[in-house]
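Each remark here refers to the structure printed beneath this line.
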Amino acid sequence: MTRVRRALGASMALCCALVGAVVTGTPATAADGPTPVPQVIGPLVVTEESHPFGAADHQLVPQDLAREHYVEEEFLVSGTANVYTWPADGPAVVRTPDAPYTTRVLVRRPEKGQRFSGNVVVEMLNPSNLMDLNIGWALAHRQIIDNGDAWVGITAKPTAVEALKRFDPARYAALSFANPLPLDDPANCSTIQTTIAGDSSRTTENGLIWDVYSQVGTWLRSDVASNPLRYRSTESQVEHAYGFGYSQTGGYLVNYINAVHPLVVESDGEPVYDAYLVAVAGGAFVGAVPMNQCEPAPPPADPRRQLSDVGVPVIRIMSQSDYLIGIGSRRPDSDAPGDLFRHYEMAGAGHATPDELYYSAKPEDIVRAGRPVPPMSCTEGPRSRFPSAIFFDAALRNLDLWVREGIAPPRAAPILVENGAPVLDRFGNVQGGLRSPYLEVPTSTWFGSATGESFCFIAGYERPFDTARLTSLYGDEGVYIRAVRASIDRLVEQRWLTRDDARLLFREATRVDIR
């Protein structure tokens, strides 16, 4: 269905030398009625002295997007957002209306409209390290680029805004998630201050993100001149918008789906997002977050943490690091109209991946933002190299097929659990869950939890088999490679692997040394 086209009116002056283009518009107001298009400034100019935090060419592993015929642009997005409360028996209710905000949005898109698939993946950037991590891009950029999709990352939390302002005070001067309530207002956590998280402040408000997320999606689907996904047309070229959240922002996505998505459908007549991919967040593991910073998250057994009857397709993916804590997120898969749902658990995969650090801001920029650089290694060794990206590439492709063609994704049994513990095979690997050659033709034992600082407890690690064990299992490289090929072919046929990822896994298998 084509969304209602919206236009913006009044003009706005050029605010600073960092802005490459200023787009006119009236401030968005989160009042009753259709979701408004926010006011947009940009794309911001990139110079030797000033670039986006987490820019592709300033990642730990730099990417030359031009080689892929992609461009990266950064915008400032402003409007007003409601602060909500979330009652137990329904969707969100406005707590404080029309709070002004300004956030930043990072866009990566095909350079030419002819290459654009019509899909945009919109991610609330993960702030768990007190700064923005481009995790959705990190995990699914191969599929995004191969399919010609656009990716959009939104700074979603005040603590990440603080890091951006330290990183580049001039570039990000306008950013604000200011609390609309004064400190002496009893509603500003003054009587329940202990509920405020350690990464939060009473001068800012975490709960502005819900309307921000709706408004950014509406902007990308609108025909306003600021929309970078119009290309040279007078209309947005977006056909489908897919919501993505990972870990903390996976919990954000649960809140959005259950508390705000119904309000948008009621006000707009249709959702902003056509499907959702909720990653490594469920049950007692970030299965929901506080709707505003003065109220607690719904408790672990609360039905608000479950996803059902959303009205658009939803895929939830848990990892080997978090599936037991988040076991309450399990529910039957469904192909029923209005309740299109898949639940997956990635056997062998860690939650805190190396990729999320490889494809986010480089260490020098993290230090400049005043944040500690997350460790790549834990007590047991490097973070698990298990490539969970293979599952996200396939999930994104299958989600798109579900939306566009009504082709339901395959179903997978969860990781096998008995008496509260995983059932292991003779190699010490879990049984069940999403499978891959790493467990079907193993050369290592894969663990979902490690020890050490920061997020090592959900980073996982690998314990490779020694040469004697590899030889006893496979004899030589030829036997091993043929077994991997058989596994890969089956997984491709069943749509658990994309063909591009299949080629990568096969090339990796040819480098394994078995004497």
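The aromatic ring centres of Y172 and F53 sit 6.0 Å or more apart.
Residues in residues 294-322 take part in no ring pair (Phe, Tyr, Trp, His ring centres under 6.0 Å) pair, two or more places apart or across chains.
The residues E364 and R368 are annotated as not salt-bridged, no charged nitrogen and carboxylate oxygen being separated by less than 4.0 angstrom. The existence of a salt bridge linking E72 and R109 is excluded, since no basic side-chain nitrogen approaches an acidic carboxylate oxygen closer than 4.0 Å. Using a cut-off of 4.0 Å between Lys/Arg side-chain N and Asp/Glu carboxylate O, E74 and R104 are scored as salt-bridged. For E345 and R316, the salt-bridge test fails: no basic side-chain N is under 4.0 Å from an acidic carboxylate O. Between R371 and D365, no side-chain nitrogen of the basic residue sits less than 4.0 Å from a carboxylate oxygen of the acidic one, so the salt-bridge criterion is not met. With respect to R108 and D149, no salt bridge is recorded, no charged nitrogen being found less than 4.0 Å from a carboxylate O.
Scanning for side-chain contact (heavy atoms from CB on, under 4.5 Å) contacts around R142 gives A389, I390, D393, D501, L504, with sequence neighbours left out. Checked against salt bridge (charged side-chain N to carboxylate O under 4.0 Å, His left out), D57 has no partners two or more places apart in sequence or in another chain.
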Check your understanding: Between V37 and S222, is a side chain to side chain contact (heavy atoms under 4.5 Å, CB included) present by the stated rule, with each step listed?
Key -> CA-CA 7 Å; V37 177; S222 76; 3.9 Å; yes
Exercise for review: Please step through side-chain hydrogen bond (donor to acceptor under 3.5 Å, both in side chains) for the pair D132 and T155, ending with a clear verdict.
Suggested key: CA-CA 7 Å; D132 286 338; T155 294; 2.5 Å; yes
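Heavy-atom neighbours of Y358 OH from other residues, nucleotides or ligands within 6.0 Å: at or below the threshold of 12.
Summarising the geometry, atom CG belonging to L220 is positioned 7.0 Å from atom OH belonging to Y273; distances are rounded to the nearest 0.5 Å.
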